[in-house]
Amino acid sequence: MASTTTQFLLACSIISLLACSSANAQLSVNFYAGTCPTLANIVRNVMRQAVTTEPRMGASILRLFFHDCFVQGCDGSILLDDTASFTGEQNALPNRNSARGFQVIDAIKTRVEAACNNTVSCADILALAARDGVVLLGGLSWQVPLGRRDSRTASLSGANSDLPSPFADLPTLISMFAAKGLTAREMTVLSGGHAIGFSQCSLFRNRIYNETNIDPAFATTRKANCPASGGDTRLGPFDNTPNRFDNSYYQNLVARRGLLHSDQVLFNGGSQDATVRTYSNSAAIFLRDFAAAMVKMGNISPLTGTNGEIRRSCGIIN
Ligand code: HEM
Ligand SMILES: *[C@@H]1O[C@H](CO)[C@@H](O)[C@H](O)[C@H]1NC(C)=O
Ligand SMILES: *[C@@H]1O[C@H](CO)[C@@H](O)[C@H](O)[C@H]1NC(C)=O
């Protein structure tokens with residue numbers, strides 16, 4: 001153990017003093033360069049196929065990554081299926097009948113295993129797939145640090161407590177992201193994940209029927225596909241371009257056209273108004289800050305080194 005650490009530190013000091021400032025293993029962009037050089041191509045090809053078939057899949061996979069990272073860290077815990085003897089996160093309130101895209105991750109994993117058996121974690125596949133989904137829908141690319149390992153546990157209670165509610169107010173959102181080491185500005189830019197994708201009617205009904213900080217024409221439009229009662233699972237787009245990763249989410253917020261209560265609180269006279277305005281005025285600044293914040297979110301408590309495992313199948317521990 002001690003000699004492993006010594007070797008690691010020695011290797012670190014030779015390779016890069018900056019990248020290895022502590023004995024804790026760090027994620028690195030080139031982690032699989034030697035062991036699975038085709039990884040990035042495999043993930044991109046399967047994601048391209050999936051997003052071409054259904055553009056929303058880019059959004060669904062991005063959300064899966066967020067929900068993975070906020071519960072026990074980015075460790076693939078959300079991918080674990082419930083069984084008779086295992087309770088995972090997929091039936092937590094924020095995930096049940098909502099989190100989707102698991103088959104795409106499974107399809108990627110199958111192809112990755114065929115190319116590089118027992119090498120690449122499901123947590124890393126999810127991190128790459130989330131990036132590719134954003135890029136395929138028009139977002140700016142970023143380099144994804146890799147080397148996460150997969151958990152042998154999941155946390156239903158953590159998923160229920162640590163994932164924000166669409167009914168949350170601004171101080172709650174800020175403190176829930178702060179609990180994961182993310183600033184209020186990073187919370188605001190990561191909420192820009194809602195540049196793509198859809199929400200179910202039951203989660204924005206109260207907003208469009210009862211709230212007053214909403215553009216009336218927007219409320220009327222959304223009501224057409226979200227009745228005051230019934231139709232709970234009908235979808236509404238987060239912004240006017242749900243298949244395009246652009247800054248119109250923020251432009252919509254400024255126009256009081258946020259879909260969820262938790263979207264509009266970012267621009268409602270509070271501390272994030274100026275940041276929302278900045279992003280509404282500059283797609284370039286939004287896309288740059290989003291990419292940086294995704295790297296930071298992807299760094300939440302990863303399992304590294306000999307912790308965790310490389311799952312053979314993403315839905316089940318080895
Ligand atoms: C700030 C707190 C957040 C809250 C309260 C929140 C809440 C929600 C809710 C309620 C939905 C709709 C789920 C459904 O109808 O089944 C949703 C969808 C989505 N969320 Fe968030 N979210 C937050 C932050 C984020 C972050 C940080 C990301 C990614 C960086 C993200 C990405 C997405 C995406 C892409 C969708 C659409 C998924 C799809 O269409 O399948 N969200 N979110
Ligand atoms: C992958 O590795 C596992 C365990 O080492 C082995 O059982 C399995 O047959 C291998 N699969 C392929 C496709 O090589
Ligand atoms: C509007 O608010 C009232 C009072 O809180 C509530 O009873 C009602 O269900 C809400 N309506 C909708 C459509 O959410």
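Count residues from 1 along the sequence. Every number for a ligand or one of its atoms is a count from 1 in the order of the listing. These numbers were taken from a predicted model, which means no experiment stands behind them.
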- Task: Would you kindly say whether Asp81 and Gln90 are connected by a side-chain donor-acceptor distance under 3.5 Å?
- Result: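 Side-chain D/A pair, Asp81 to Gln90: present.
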- Side-chain donor-acceptor pair present, Arg207, Asn213, cut-off under 3.5 Å: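 Yes - a donor-acceptor pair under 3.5 Å links their side chains.
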Atoms of ligand 1 less than 4.0 Å from [X] heavy atoms?
X	answer
Gly193	35 (C)
Gln200	14 (C), 15 (O), 16 (O)
Arg56	39 (C), 40 (O), 41 (O)
Gly197	37 (C), 40 (O)
Ser98	13 (C), 14 (C), 16 (O)
Pro166	5 (C), 10 (C)
Leu190	26 (C), 27 (C), 28 (C), 29 (C), 30 (C)

- Item | Per-atom contact, atom 5 (O) of ligand 3, protein heavy atoms, under 4.0 angstrom |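 Given the 4.0 Å cut-off, atom 5 (O) of ligand 3 does not count as touching protein heavy atoms.
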- Test item: protein heavy atom less than 4.0 Å from atom 9 (O) of ligand 3: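 No, no protein heavy atom sits under 4.0 Å from atom 9 (O) of ligand 3.
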Quick one: nearest non-hydrogen protein atom to [atom], plus distance?
atom	result
atom 41 (O) of ligand 1	Ser60 OG, 2.6 Å
atom 17 (C) of ligand 1	Arg63 NE, 3.3 Å
atom 35 (C) of ligand 1	Ala59 O, 3.1 Å
atom 22 (N) of ligand 1	His194 NE2, 2.9 Å
atom 24 (C) of ligand 1	Phe66 CE2, 3.4 Å
atom 2 (C) of ligand 1	Pro164 CG, 3.3 Å

Quick one: closest heavy-atom pair of [X] and [Y], and the distance?
X	Y	answer
Gly270	Leu170	CA-CD2, 4.4 Å
Leu259	Phe204	O-CB, 3.3 Å
Asp68	Asp75	OD1-OD1, 3.2 Å
Ile105	Leu79	CG2-CD1, 4.0 Å
Asp124	Gly147	OD2-N, 2.8 Å
Arg63	Ala99	NH1-N, 4.0 Å

- Message: Below 30° counts as parallel, above 60° as perpendicular, anything between as tilted: where do the rings of Tyr249 and His194 land?
- Response: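 Perpendicular: the ring planes of Tyr249 and His194 meet at over 60°.
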- Message: Test of understanding: given a 4.0 Å heavy-atom threshold, classify the contact between Asn210 and ligand 3 as side chain, backbone, both, or neither.
- Response: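 Within the 4.0 Å criterion, Asn210 contacts ligand 3 through side-chain atoms alone.
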- Item | Interfacing atoms of ligand 3 (cut-off 4.0 Å, heavy-atom, Asn206) |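 Going through ligand 3 atom by atom, the ones under 4.0 Å from Asn206 are 1 (C), 2 (O), 10 (C), 14 (O).
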- Hey, which atoms in ligand 3 end up nearer than 4.0 Å to a heavy atom of Arg205?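 Selected atoms, number and element: 13 (C).
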- So is Ser191 in contact with ligand 1, going by heavy-atom distances below 4.0 Å?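 Yes, Ser191 has heavy atoms under 4.0 Å from ligand 1.
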- With a 4.0 Å cut-off on heavy atoms, is Phe238 touching ligand 1?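 Judged by the 4.0 Å heavy-atom criterion, Phe238 does count as contacting ligand 1.
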Examine the proximity of ligand 1 to [X] and report which part, side chain or backbone, both or neither, has a heavy atom under 4.0 Å away.
X	answer
Leu203	side chain
Ser262	side chain
Ser165	backbone
Leu260	side chain

- Query: Would Asp289 and Arg185 pass as an ion pair if we require N to O under 4.0 Å?
  - Reply: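 Salt bridge between Asp289 and Arg185, a charged N being under 4.0 Å from a carboxylate O: yes.
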- Query: Is a salt bridge present between Asp239 and Arg244, judged by a nitrogen-to-oxygen distance below 4.0 Å?
  - Reply: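 Not counted as a salt bridge, because no side-chain N and carboxylate O are separated by less than 4.0 Å.
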- Gap separating the CG atom of Asp162 from the CD atom of Glu89, nearest 0.5 angstrom: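 Rounded to the nearest 0.5 Å, the CG-CD separation comes to 9.5 Å.
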- Query: If you measure from SG on Cys226 to OH on Tyr209, what distance do you get to the nearest 0.5 Å?
  - Reply: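 If we round to the nearest 0.5 Å, Cys226:SG and Tyr209:OH are 5.5 Å apart.
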- Report the residue from Phe290, Phe238, Phe286 that forms a ring-ring contact (aromatic ring centres under 6.0 Å, His included) with Tyr250.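 With Tyr250 as partner, Phe290, Phe238, Phe286 yield a single ring-ring contact (aromatic ring centres under 6.0 Å, His included), made by Phe286.
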- Take Thr241 and Ser248 through the side-chain hydrogen bond (donor to acceptor under 3.5 Å, both in side chains) test and state the conclusion after the steps. CA-CA 7 Å; Thr241 58; Ser248 56; 2.8 Å; yes
- Item | Under 3.5 Å: N/O of Ile196 near N/O of ligand 1 |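 N/O-N/O distance under 3.5 Å: no.
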